[in-house]
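Structure record follows, encoded as structure tokens.
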Amino acid sequence: MHVVAARDITECKHSPETLQIREHTRRKQSQTLVQLARSKTFQQGNLHAAFQEITEAAARTLSVQRVGVWLYKDDHSALDCIDLYDVRTQEHTCGLSLLKAKYPDYFQALEAERSIAAHDAINDTRTQELSQSYLSVLGITSLLNAPIWLGGRLIGVVSHEHFGEVRQWTLEEENFAGSIADFVTLAIEASERNAAESALRQSEAQFRAIFECSSIGIGLIDMNTQIVDANPALCQMLGYNREELCGKLFTNYVSPQKGDLDLLRQMISGIGSDADQFVERHRIEMERLFLHKDGGLVWTHLSVSVIRDIHGNPEFFLTIIEDITERKQTELKLRASQAAAEAGSRAKSEFLATMSHELRTPLNAIMGLSQLLQQEMVGSLNDKQKEYINCIYSSGEHLLALINDILDLSKVEAGKEELLLLPLLVTDICNSVISTVSDIALEKGLQFTSTIAPEANICVADERRIKQMLLNLLTNAIKFTSKGEVSLEVKKVSDGITFTVADTGIGIDSHQFQFLFEPFKQLDSRLNRQYEGTGLGLALTRKLARLHGGDVTVESTLGAGSRFTLFLPDQPYLAEEESR
């Protein structure tokens with residue numbers, strides 16, 4: 001019998017970036033609604049200005065090209081466009097009309113449904129009638145229509161028009177569009193009432209609509225930090241009902257940090273000391289922990305604003321509290337994973353460095369003794385003994401080179417490698433490297449060429465390391481080339497110097513490029529299994545190049561050779577020397 005355990009990790013798989021986008025969208029919508037609620041345009045009863053402010057805010061928040069307010073004629077025979085805002089031209093127009101007799105299905109849908117979220121408006125049965133005469137002509141692909149109700153009557157619609165690719169409207173966007181339609185209703189009501197009565201009722205209705213329906217927690221706090229009111233979302237977030245929260249101190253539930261009180265005092269006085277902490281003069285935003293009723297902690301994004309009375313004196317704090325616990329938990333898990341990976345990498349580098357030192361001591365003894373035997377300083381050797389001693393010495397050399405590569409790689413990965421950067425003559429560097437590898441190329445019957453551009457005369461690098469990088473690239477090219485040629489080409493580019501090593505060897509499959517510069521990786525190809533190596537050379541070369549501020553890149557075709565390019569950037573003080 002087999003037992004299988006499974007655990008749902010879907011929530012853990014949400015990336016912080018995705019969660020932040022969702023949080024940002026909700027926060028943006030909530031802030032737009034709050035800004036509209038606090039707008040003086042509604043209090044003044046200017047219907048034309050209110051419509052313009054609403055359509056602009058809706059277009060900006062939902063990122064659509066056009067938003068229009070359409071109202072029914074008195075006999076409901078048509079919809080007239082009262083205000084249409086176009087983001088591209090930033091202009092408001094009006095005067096269009098849609099006749100009910102011409103578009104019966106669309107009008108029926110408006111009256112029957114809570115809203116019309118037509119993702120593919122051209123083919124949606126509710127909006128298809130508008131295609132030829134309206135949608136296709138203008139390039140509209142998606143429609144989000146929210147009905148406007150006044151006194152229990154349907155009086156119009158707010159239309160959000162999206163151009164380009166088909167857009168999938170979310171439930172949050174539908175709810176936001178409904179809130180926008182409510183503000184149109186409030187604007188119409190404000191224009192029909194007495195200015196004094198309208199200002200009082202409208203202000204309360206606006207705030208109450210947002211307060212009760214918002215998916216983000218909202219609390220009203222007096223100047224003594226006592227909770228005056230809390231919306232359902234905040235109650236649910238903290239696990240209390242409204243009666244349990246009202247009258248209690250807000251500070252009983254939030255974990256304050258040093259300096260919070262000073263920030264609130266500065267906000268009340270309207271004096272900001274730190275521009276990074278203030279979104280605007282009368283609002284601060286921060287991340288704080290809240291205490292849930294069950295004892296748990298809730299991570300939140302807290303936005304605090306000041307509400308002033310008619311005389312301009314601070315009367316309440318308006319707090320908008322968004323639950324970001326999910327994002328914070330994901331961030332903590334990612335940090336823990338990253339810390340564990342870094343600790344493992346450091347431990348690996350330290351182990352390799354230690355082992356390399358431990359191996360180097362006995363190996364030097366083996367090579368030294370074998371060299372003494374080669375020189376017959378302790379007696380003559382026969383041919384077979386000489387063959388064995390030569391084999392021991394060459395194997396020791398190979399092993400020592402491998403250990404040196406491991407030690408170098410460990411030092412670079414551990415961040416302990418320090419470069420001695422000096423201006424170097426490119427010809428001297430290249431000649432030194434070429435003299436080392438040219439004999440090897442000739443023994444294999446390969447043609448070896450080198451070209452150095454005259455303007456590429458000086459580079460700034462660590463002399464030992466640049467020779468090591470070029471030797472790695474050239475010996476690799478020779479090793480994997482059985483016939484043809486190997487070349488070294490040096491050029492001056494706008495921001496540095498390139499050293500390109502090309503060959504006519506076995507080449508590399510492009511699918512293997514991702515493994516090419518990883519340590520201890522050898523490419524799985526039938527063409528190169530016969531070649532020795534640990535895969536350290538290219539990994540070390542790229543790390544050393546990046547330590548110089550440059551890089552190593554590759555171009556290759558399987559069976560047709562490869563081109564490895566080492567780029568070293570110009571250094572500031574070299575440019576200064578050349579300008580003198």
Side-chain angles (χ1 to χ4, degrees), residues 342 345-357 359-360 400-437 450 452-453 455-477 488-501 516-521 533-554 563-580:
E342 290 174 351
S345 179
R346 285 194 300 271
K348 178 205 71 175
S349 296
E350 290 171 3
F351 170 76
L352 290 175
T354 302
M355 288 302 298
S356 298
H357 283 296
L359 289 171
R360 192 181 265 174
L400 182 60
L402 172 60
I403 292 172
N404 286 335
D405 282 348
I406 293 175
L407 185 57
D408 287 341
L409 185 64
S410 300
K411 286 177 65 178
V412 174
E413 288 185 338
K416 296 179 180 179
E417 175 68 20
E418 295 183 2
L419 300 177
L420 178 60
L421 297 178
L422 294 171
L424 304 172
L425 288 173
V426 172
T427 53
D428 289 350
I429 296 296
C430 292
N431 289 336
S432 174
V433 174
I434 291 169
S435 66
T436 304
V437 300
S450 63
I452 302 175
E455 60 272 18
N457 57 339
I458 294 178
C459 70
V460 175
D462 184 300
E463 183 174 0
R464 184 169 73 91
R465 292 310 190 185
I466 188 175
K467 288 180 179 179
Q468 184 179 4
M469 289 186 284
L470 291 175
L471 278 172
N472 281 340
L473 294 178
L474 286 168
T475 52
N476 262 7
L488 171 62
E489 183 180 16
V490 185
K491 289 183 178 180
K492 182 70 177 75
V493 292
S494 60
D495 51 351
I497 292 180
T498 59
F499 301 79
T500 301
V501 175
L516 196 57
F517 296 99
E518 292 187 20
F520 305 103
K521 286 277 189 179
T534 59
L536 288 177
L538 286 177
L540 180 59
T541 299
R542 169 167 277 186
K543 288 184 181 296
L544 288 173
R546 290 181 174 176
L547 202 59
H548 280 78
D551 202 357
V552 177
T553 55
V554 60
R563 288 173 58 87
F564 285 84
T565 299
L566 166 64
F567 166 73
L568 294 181
D570 289 332
Q571 299 295 333
Y573 61 83
L574 178 59
E576 292 174 6
E577 290 292 332
E578 291 178 346
S579 65
R580 289 180 183 176

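All of these numbers come straight from a predicted model, not from anything done at the bench.
Between A461 and L568 the shortest heavy-atom distance is CB-CD1, 4.1 Å. Residue G549 comes nearest to P569 through the heavy atom pair O-CG, 3.5 Å, listed as atom of the first residue, atom of the second, then distance. Contact detail for I497 and V493: the closest heavy-atom pair is N-CG2, 4.0 Å. Between A545 and L566, the shortest heavy-atom distance links the atoms CB-CD1, 3.6 Å.
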Side chain to side chain contact (heavy atoms under 4.5 Å, CB included) evaluation trace for T541 with F564: CA-CA 11 Å; T541 299; F564 285 84; over 6 Å; no
One pair to check against side chain to side chain contact (heavy atoms under 4.5 Å, CB included): L544 and R464. What are the steps and the verdict? CA-CA 11 Å; L544 288 173; R464 184 169 73 91; over 6 Å; no
Decide yes or no on side chain to side chain contact (heavy atoms under 4.5 Å, CB included) for N476 and L538, but give the supporting numbers first. CA-CA 9 Å; N476 262 7; L538 286 177; 3.5 Å; yes
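Taking a cutoff of 4.0 Å between a charged side-chain nitrogen and a carboxylate oxygen, D551 and K543 do not qualify as a salt bridge.
D495 CG to F567 CZ: the interatomic distance, rounded to the nearest 0.5 Å, is 4.0 Å. With rounding to the nearest 0.5 angstrom, the CD atom of E455 is 13.0 Å from the CD1 atom of I458. Within the model, atoms CD1 of I466 and OG of S432 stand 11.0 Å from one another, a figure rounded to the nearest 0.5 Å. Note that CG of L473 and CD of Q468 are 11.0 Å apart. Values are rounded to the nearest 0.5 Å. Note that CZ of F499 and CE of M469 are 8.0 Å apart. Values are rounded to the nearest 0.5 Å. Note that CG of L488 is 6.5 Å distant from CG of L470, once rounded to the nearest 0.5 Å.
Under the 3.5 Å distance criterion, the side-chain polar atoms of H548 are matched with a main-chain donor or acceptor of D462.
With sequence neighbours left out, R563 forms a salt bridge (Lys or Arg N to Asp or Glu O under 4.0 Å) with no residue at all. For E463, the side-chain hydrogen bond (donor to acceptor under 3.5 Å, both in side chains) partners are K467, not counting sequence neighbours.
Checking T500 against T565 by side-chain atom types alone, a donor-acceptor pair falls below 3.5 Å.
Side chains of L419 and L547 form a contact here, defined as non-hydrogen atoms less than 4.5 Å apart.
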Give the table of side-chain donor-acceptor pairs shorter than 3.5 Å for residues 421-431, with sequence neighbours excluded, one pair per line with atom names and distance.
| residue | atom | partner | partner atom | Å |
| --- | --- | --- | --- | --- |
| N431 | ND2 | T427 | O | 3.1 |

